[in-house]
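Both counts, for ligands and for their atoms, begin at 1 and track the order of listing.
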Amino acid sequence: MSNDFTKVENPVLIVEGKQADNERLKAESDYLRGTIKEDLQDRMTGGFTSDNFQLIRTHGMYQQDDRDIRAERQKQKLEPLHNVMLRARLPGGIINPTQWLAIDKFADDYTSYGSIRLTTRQTFQFHGVLKPNIKLMHQTLNSVGLDSIATAGDVNRNVLCTSNPVESALHQEAYEWATKISEHLLPKTRAYAEIWLDEEKVETTEADEIEPILGSNYLPRKFKTTVVIPPNNDIDVHANDLNFVAISEGGELIGFNVLVGGGLAMTHGDKSTYPRCADDFGFIPKEHTLAIAAAVVTTQRDWGNRVNRKNAKTKYTLDRVGVDTFKAEVERRAGIEFSESRSYEFTHRGDSFGWVEGIDGKNHLTLFIENGRILDFNGQSLKTGMLEIAKIHKGDFRLTANQNLIVAGVSAEDKAIIEQLARDHGLINDGVSNQRKSSMACVAFPTCPLAMAEAERYLPSLVDDVEAILEKNGLKDDSIILRVTGCPNGCGRAMLAEIGLVGKGPGKYNMYLGSDLAGSRVPKLYKENVDEAGVLSEIDALSARWSAERNDGEAFGDFVVRAGIVEQVIVSFRDFHHA
Ligand code: SRM
Ligand code: SF4
């Protein structure tokens with residue numbers, strides 16, 4: 001058995017052709033340094049030039065501009081108001097109060113939107129940081145033990161972990177695995193420390209800096225990993241390249257079932273792209289976790305498509321080389337064989353809100369944060385409320401993969417004051433409906449350069465309307481997993497929703513129906529290019545039928561499949577049909 005990851009095995013499985021420009025860019029980047037340091041000094045432009053525009057992503061930043069004012073600035077012959085969005089690295093979504101206080105202050109002082117935006121991958125983003133403040137931002141994060149390494153670009157991203165610490169005694173160990181996997185798969189280059197933290201460039205040879213797992217050209221595309229504790233699929237395994245499903249015996253973690261090759265993005269009209277559920281490779285004892293993680297990553301590193309980025313993710317590699325071939329290569333590289341999958345069941349997703357008492361006697365309060373946007377706005381002081389809680393909280397905070405937040409590890413004597421603060425600032429609102437709690441949207445306008453339609457800004461009013469429709473149809477306390485994404489990249493995971501709206505153009509959405517509560521299948525295209533009024537009338541008609549015809553307790557997604565409203569359940573790309 002070979003553990004030598006530096007040689008490309010089985011070259012016949014490599015896609016031939018002219019490599020994508022990103023491959024040149026990574027190869028020439030001197031291990032992700034590029035000329036970012038010099039570019040940072042250039043104040044003639046607010047943006048980053050040439051390759052650095054892409055390279056800053058590997059340091060956790062995207063160059064953006066406010067799309068609401070883009071045309072106006074163009075008219076005035078001004079360059080777009082360039083700024084960066086930063087995405088932090090928080091394995092398992094855990095952040096402590098000191099760190100929260102620091103990011104709260106930075107958001108106030110140096111971001112143009114003033115918000116902390118919780119993401120669908122258990123971390124937070126700053127939007128609107130101007131070039132002169134970027135270094136300060138990294139130094140601020142570093143001063144409290146945070147960084148943004150590898151949260152974007154062709155690397156292993158922030159590693160997710162089931163959030164709710166009470167649901168299982170396994171949580172602490174699962175979280176530790178998420179952290180270990182994140183550290184194990186991080187780039188080894190010192191570029192981040194040199195550029196942002198002013199650490200000296202140490203004389204190194206090529207051999208010193210070689211990336212043993214990621215390789216000198218890093219991965220063909222982004223790569224996403226999770227650790228999940230059934231029965232809650234809160235991190236949505238099928239959106240991820242690599243998932244470790246915790247298997248326990250007598251409350252002890254014994255190992256993981258390994259699921260490989262999930263992913264949700266597609267391009268409208270491009271049949272070579274599709275959402276895909278992950279395949280179950282089998283069970284491994286927990287001591288092999290890091291070896292398996294490295295073997296999956298390096299197999300994808302060596303066999304992934306470096307010619308066409310649209311087909312570069314692990315899901316496409318699996319379908320091109322065959323699941324069995326990929327799995328056998330992982331076994332060969334790790335030097336172990338998967339055994340038969342252990343049984344487990346996902347029954348639900350989403351977060352359970354309010355207080356729960358943990359196994360350690362501590363209390364955990366899950367707060368619903370609409371769209372994950374922590375900001376004082378719309379008559380609510382969410383950001384101030386979080387600040388006040390952070391000032392007195394002695395436990396930690398846990399960001400969930402559904403853009404919500406848990407105040408974790410609260411002692412019995414602090415419960416009342418924390419609840420009071422949360423209520424005073426609108427962080428607890430008993431009037432929030434089940435439907436709102438089951439709805440999610442990606443960022444989209446005004447910051448996302450790829451948005452085709454509104455998502456975050458559309459969601460609150462859409463939910464108002466859906467609530468009214470459900471009430472009219474006798475479904476006031478029911479809910480539908482409703483997700484909106486501004487384009488088919490699927491950041492709001494609409495392609496795992498019971499109703500998924502995928503932006504097609506301004507005010508227009510493709511409507512997908514039929515995932516289930518556990519998130520085990522991809523929904524199917526139901527209507528194309530529907531406007532907002534059309535969306536509501538479809539939801540009205542569908543929910544009226546659901547109300548009248550459903551079996552006892554039948555969820556909406558299961559109903560539309562059983563009733564033949566979407567005739568086919570999508571479990572693999574072979575069943576997926578573009579319009
Ligand atoms: Fe995403 C690109 C926001 C989760 C698939 N995503 C983007 C960018 C950076 C746009 C860009 O490339 O310039 C968006 C920035 C918007 C902004 O202004 O903040 C963006 N993605 C987000 C976030 C913030 C959505 C949110 O509302 O929370 C999520 C940040 C996650 C994080 O903390 O790391 C986010 N993105 C996802 C997910 C969901 C998930 O991972 O659970 C997906 C679908 C799952 C998957 O990967 O298949 C997702 N984002 C994409 C893609 C398509 C990738 C592909 O396979 O083709 C892109 C575009 C790309 O990579 O070329 C993208
Ligand atoms: Fe932007 Fe599209 Fe992702 Fe929404 S789904 S954040 S519009 S890339």
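Of all protein heavy atoms, the one closest to atom 25 (C) of ligand 1 is Cys491 CB, 3.6 Å. Of all protein heavy atoms, the one lying nearest to atom 55 (C) of ligand 1 is Ala265 CB, 3.2 Å. Here the protein heavy atom with the shortest distance to atom 5 (C) of ligand 1 is Asn489 O, 3.3 Å. Protein heavy atom at the shortest distance from atom 63 (C) of ligand 1 is Lys222 NZ, 3.4 Å.
Residues Lys310 and Asp270 are not paired through a salt bridge, judged by the lack of any N-O separation under 4.0 Å between the basic side chain and the carboxylate.
Contact annotation for Cys491 and ligand 2: heavy atoms of both the backbone and the side chain come within less than 4.0 Å of the ligand.
Interface of Pro449 with ligand 1, defined as ligand atoms under 4.0 Å from a residue heavy atom, comprises 13 (O). In summary, the atoms of ligand 1 found under 4.0 Å from a heavy atom of Met85, numbered by their order in the structure, are 15 (C), 19 (O).
Look at Arg117 and you'll find a heavy atom under 4.0 Å from some atom of ligand 1.
Coordination check, Cys487 versus atom 4 (Fe) of ligand 2: failed, since every N/O/S atom of the residue sits at 2.8 Å or beyond.
With Gln64 contributing its side chain and Pro446 its backbone, the two residues share no donor-acceptor pair below 3.5 Å.
The shortest N or O to N or O distance between Arg157 and ligand 1 is not below 3.5 Å.
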